[in-house]
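Working notes, beginning with the structure itself.
The sequence lines fix the lettering, A, B, ..., with proteins before strands; numbering per chain opens at 1. Note that the structure is predicted; figures quoted are calculated from it, not measured.
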Amino acid sequence: MFYREAGQFKTTYKSDQALFPIAQDRYFVIGVVLFAFLVIPFFITDYWANALLLPFLIYALAAIGLNILTGYCGQLSLGTGGFLAVGAYASYKLMTSFPEMNLIVVFLLSGLITALVGIFFGVPSLRIKGFYLAVATLASQFFIVWLFNKVPWFFNYSATGQISVPPREIFGFLVTGPDASPAITYLFTLTLVSIFALLAKNMARGNVGRSWMAIRDMDIAAEIIGIRPLKTKLIAFAVSSFYIGIAGALLFAVWLGSAEPTEAFGIDQSFLILFMIIIGGLGSILGSFMGAAFMVLMPIFLKNFMVDGLGLQPAFSEHVQIMLMGVLIIFFLIVEPHGLARLWQIAKEKLRIWPFPY
Amino acid sequence: MMFFLEVTISGLMAGVMYSLVALGFVLIFKASGVFNFAQGVMALFAGLTLVGLMEKFGLPPWAGIMATIAVMILLAWLIEFLILRRLVNQEHIILFMATIGLAYVLEGLGDVMWGSDVKLLDIGLPQGAVDWLLDDYNLYVEKLEVAAAVTAVIMVIVLAIFFQKTRIGRALRAVADDHQAALSVGISLRTIWVIVWSVSGIVALVAGIMWGSKSGVQFSLSLIALKALPVLMLGGFTSIPGAIIGGLIIGMGEKWAEIYMGPIIGGAIENWFAYMLALVFLLFRPQGLFGEKIIERI
Amino acid sequence: MSPEPVQTRIFEEEILSVSDVSLSFGGVKAIQNVSFDIKRGEIRAIIGPNGAGKTSMLNVINGFYHPQEGLIRFKGKARRRMRPSIAAAQGIARTFQNVALFKGMSTLDNIMTGRLPRLEKGIFGEIVNVFLQAAYLGPARRSELEQRKYVEEIIDFLEIQHIRRTPVGRLPYGLQKRVELGRALAMEPELLLLDEPMAGMNLEEKEDMSRFIIDVNDQYGTTIALIEHDISVVMDLSDRIIVLDYGRKIADGTPGEVQSNQAVMDAYLGVPHE
Ligand SMILES: Nc1ncnc2c1ncn2[C@@H]1O[C@H](COP(=O)(O)OP(=O)(O)O)[C@@H](O)[C@H]1O
Ligand SMILES: [Mg+2]
C-alpha cells in the first residue's frame, strides 16, 4: 500500500483544495521538478536539448494551450499552427524593433498579442459549433500563414522571407541565437513552461475551469444556469492562444532560431498538437505533457528503428514512418480513447489497492 | 465580358472537383456521423492505385478501374473491420482523429506501394480545349473539365437513384435519420458502413481520375480535401445538393477573388479565401446552405 | 407519503406573473394564451399530459424560449424576451426533465458551477479574476473556499457526501436528479423551477425528493414551480396547481379545487378532444 488516499482525511476544505491533495502525488511531482531543474542541466548536450527536451517542453506548452480550448472548453480547433506563428512573429518583431526589451517581457507580450488574435477568431464560436467551428478555425490557420508570407513588414523585408532570431541575453546569460548554451535554453524554457503549467492547473481546477467544462459538457444547460457562453468561450480562446503564442515564441526564438511560416507553422503542426492532447488526454494538464512526450519521442524511435535497426533507405523509411504513425494513432484511440493520462490514473488506482485488491 | 465568362467557367469547373470530394464526405457523414478527414487522401490513394495497377500489370484503363474499385471496396471493409467497429460508441472527435490517422496510413501506404514521384494518369480522357467554343466564341474551356462536370452530374443522378429506388439506398437514408430504423429494415449497421465507405471510395476514385488526368497524381491531390471542407461548411455536412452547389460557389468565388482581388492584396489568396467565404456565410446561417436547421432543445 | 398536506397557506406577494403567453414552433402551438401567477413562498405545480406544454412554459419563464405573444413579469419587472443567463442572474434556477448535468465533472464541481453566476463581474473584473485564479492568490482562494463551504452545506443537506468526487456520468439516475437539484440550489434562487424531479424514481427516492423539496421551501423560503406526473405527490406538495392541456390552461386552483374539476378529469382520462 504505497499509494493511498484513504487515511488521509482532509480536515479543512483548504487542504482539500490544495493543488495535489494526495501526498504521494505531491512528492512525485516535486521529485520530477527537482530532477528537471537540478540534475538534467548538468548533463544536457546540444542533441538532447534540441532533439528532445526543448521540443518536448515547448510542445507541452502548446498542448496545454490547445487543451484549454478543446479539452476543457470543448471548442475543437485546427488553427494551432497559425497561433504558433502569431507568437513567433510577434516575438521576432518585438525583439528586432525593441532590442533593449527584456526577453521575459517579449515572451509575455507575444502571448498577449496572440491572445488578442485568438479572441478575434473566437467570436464566430458563439454561432458556429462542433465540426463547423473546427473547419472555421482553418480559416485563421491559412489566413495567418498567408499573411506572414505575403507582408514583408512581418519578416523585416529579408530576402529569403525567413525570420532569424537575434542573440539576446537575460541576466547576462545568452538565451537565443546559435551560441546559446543548451543548459541555458533548457532552463529558460523549463522555467516558463513549469510556471505556466502550474497557472493552467490552477485555472482548470477553479471557477474559470468549471465554466469552461460546463460549456463543453452541455452548453445550453450552462447558459440556463447563468454561465454566459460568449464570455466563457472568449476567455478560453484568449488563454489558450496566450499559451500557444508563448509556445510559438519559444519554438522560434529558443528552439529553432529561424523559421518560415509554411514549414514551421503549417496545418501539420495543428494536427500534431491535436494528436498530443488526444493521446495524452483531453482535459488534462498532465496529459498534455504525456502527449507531447509521446509525439516527440515516437518519430525518433521509429526513425532509429527503421534506418539504423533495419537499414532501410531514409526516403523509404519516411513513408513507412508516416504510415506507422497513423497506425499507432489509431491503435491508441482504440485501446484508450481517454489518453495516457487516464492510463496513468488507472495505474495509480491499481497501486492504491496493491497488494490487496479488495 | 468574354474574359469574365472564361474565369467563371473555369471557376465552376474547379468547383466540380471540390464537389466530388465533398460528395464522398457527405455520404459518410450522413450515414455514420464520422467526419472523414481522409476523403481527400482516399482520392490520392485511389489515383495512385489505378496508375500503379495500369503500369505494373499493363492493364487497360477499364480493367484498371475495375481492379481499383475492388481495392476501394476491400479498403472500406478493412476500415470497418479494423477501425470503425472498435470505435463505435466513441465521441465524434475520437472518430475524427482516427480518420486523420487513416489519412496518414493511406498516404504512407500509397507512397510505399507505388513510389512518391508525380505520376501521369492517362485513361484516354479527352484533352485540350473544346474546339467549337474556342473557334466560334473565342472561349477557352478544357474538354477534361467538361468531362468532369458531366461525370459529376451523372454521379449525382446515379446516387439519387441509388438512394431513392434501391432497398440498400433506403436503408442508408434511414440510418442517417435514426440508427434504430435501419435495423428494422433488416440491414446491419456494419454492412451499411461498409457500403457507404465503398461508395465514398468509388467517388474518391472518380475525383482521383479527374484531378489526376488534369495535373498528374501527386500529393497535392490530397490537399483538395482541404478545399472540400469549406465547401462542406457552405453546403451543410449532410446535404448532397449542398456539396454540389457549395463546390460551385466556392470554385467560382475563389476564381473571381483570385483574378479581381488577388492583384490588389498580394496574390495566392486561394489558400484561405474559400474558408473566409464559408466562415462569413456561416455567421449568418450556422447550419450551412442546405444543412438541417439546428434546433436546440433541452 | 411524506408530511400530511399542509393546512392551506396564505401567500400575498406575487413573484412571477405570466400573462397571455403564446408560443409556437412552426405549426405546433405549444402554448396558447396562458396566464397565471406564482406567489412568493408557495409551491406551485404545473401538471398535464405529455406534450401539454409544461416544459415549454418553464423554458419561457427562464428565457430559453421566446414567446411570440404575452408578457412575463418577474419581481415586478416585465419582459418578453431575455437571455437565460439574465434570468439566472435575477434569481431563477431550474432542473431539467432529462438530466442536464455536466457529465465530465464530479458531483462537487457540478454543484460548484451553480455558484458561478453569483461571481459575475464586468469585463475588467473578469480579466483580473482569470489572473487571480491562475495564481490562486488572495481573493480567488478566499472566494473558492467560501463557495466550497456553501456547496458543502448543500451536499450535506441532500445527503450526497459519499459521491462528492464521483463523475456524475457514473451515478444512477436518481442520484443525478439529486445532484441537479443541488446545482440549482447553489444558485440561491428565489424561484426554483423543477421539471419532473421524480420521474423514473422508485418510491423511496420519491419520498426523499419530496422531503428535499419541502425542506427547501421551508428552510430557505424558496418559491417553487414543479412539474410532476405523480398526482399523489403533486396533491401532497403543492399549494396551488395549474393544469395544461394541448397548450391551454384548463384549470388553476388548490389541489382540492383541481381534483373536482371535470375538464381535468377528462384530460387525464383521455376523453377525446372534439
Ligand atoms: N424546440 C422545440 N421545437 C419544436 N417543437 C417543440 C420544441 N419544444 C417543444 N416542442 C413541442 O411543443 C409541445 C409541448 O412540448 P413540451 O413543452 O415539452 O410538453 P410537456 O413538457 O408538457 O410534455 C410538443 O408538441 C413539442 O413537440
Ligand atoms: Mg416536459
**Request:** Evaluate the criterion side chain to side chain contact (heavy atoms under 4.5 Å, CB included) for residue pair Asn62(C) and Ile224(A); output intermediate values, then yes/no.
**Result:** CA-CA 7 Å; Asn62(C) 77 346; Ile224(A) 287 177; 3.0 Å; yes

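Interface remark: Ala200(A) contributes no atoms to any contact with chain C (heavy atom separation under 4.5 Å). Neither the backbone nor the side chain of Arg142(C) comes within contact range of chain A; no heavy atom of the residue lies under 4.5 Å from a heavy atom of that chain. In this structure, chain A has no heavy atom under 4.5 Å from any part of Arg115(C). Heavy atoms closer than 4.5 Å to chain C are found nowhere in Lys201(A), neither backbone nor side chain. Residue Met187(C) touches chain A through its side chain alone, counting heavy-atom pairs closer than 4.5 Å. When heavy atoms are compared at a cutoff of 4.5 Å, Ile220(A) approaches chain C solely by way of its side chain, counted from C-beta outward. Neither the backbone nor the side chain of Ala93(C) comes within contact range of chain A; no heavy atoms are under 4.5 Å apart. With a 4.5 Å cut-off on non-hydrogen atoms, Phe96(C) touches chain A through its side chain but not through its backbone.
Contact detail for Ala221(A) and Ala100(C): the closest heavy-atom pair is CB-O, 3.6 Å. Taking both residues in full, the closest heavy atoms of Gly226(A) and Ala88(C) are given as CA-CB, 3.5 Å, listed atom of the first, atom of the second, then distance.
The distance from the CG atom of Asn202(A) to the CZ atom of Arg141(C) is 8.5 Å, given to the nearest 0.5 Å. Between the CZ atom of Arg83(C) and the CG atom of Leu230(A) there is a distance of 8.5 Å, given to the nearest 0.5 Å. Atom CG of residue Asn129(C) and atom CD1 of residue Ile235(A) lie 7.5 Å apart, to the nearest 0.5 angstrom.
Other residues, nucleotides and ligands contribute over 12 non-hydrogen atoms within 6.0 Å of the CD atom of Gln68(C). More than 12 heavy atoms of other residues, nucleotides or ligands sit less than 6.0 Å from atom CZ of Arg26(A). Annotation for Phe37(A): atom CZ counts as buried by contact number, over 12 foreign heavy atoms lying within 6.0 Å. Within 6.0 Å of CZ on Phe28(A) lie no more than 12 heavy atoms contributed by other residues, nucleotides or ligands. Within a 6.0 Å radius of OH in Tyr27(A), no more than 12 heavy atoms belonging to other residues, nucleotides or ligands are found. Heavy-atom contacts from other residues, nucleotides or ligands closer than 6.0 Å to CZ of Phe25(C) number more than 12.
Considering only heavy-atom pairs separated by less than 4.5 Å from chain A, the leading option among Lys149(C), Lys103(C), Met105(C) is Met105(C). Looking only at heavy-atom pairs under 4.5 Å with chain A, the residue among Ala135(C), Ala134(C), Ser143(C), Pro117(C) that has the most is Ala134(C).
Between Leu198(A) and Tyr136(C) there is no side-chain heavy-atom pair separated by less than 4.5 Å.
Of residues 203-216 of chain A, those residues lying under 4.5 Å from chain C by any heavy-atom pair are Met203(A), Arg205(A), Gly206(A), Asn207(A), Val208(A), Arg210(A), Ser211(A), Met213(A), Ala214(A), Arg216(A).
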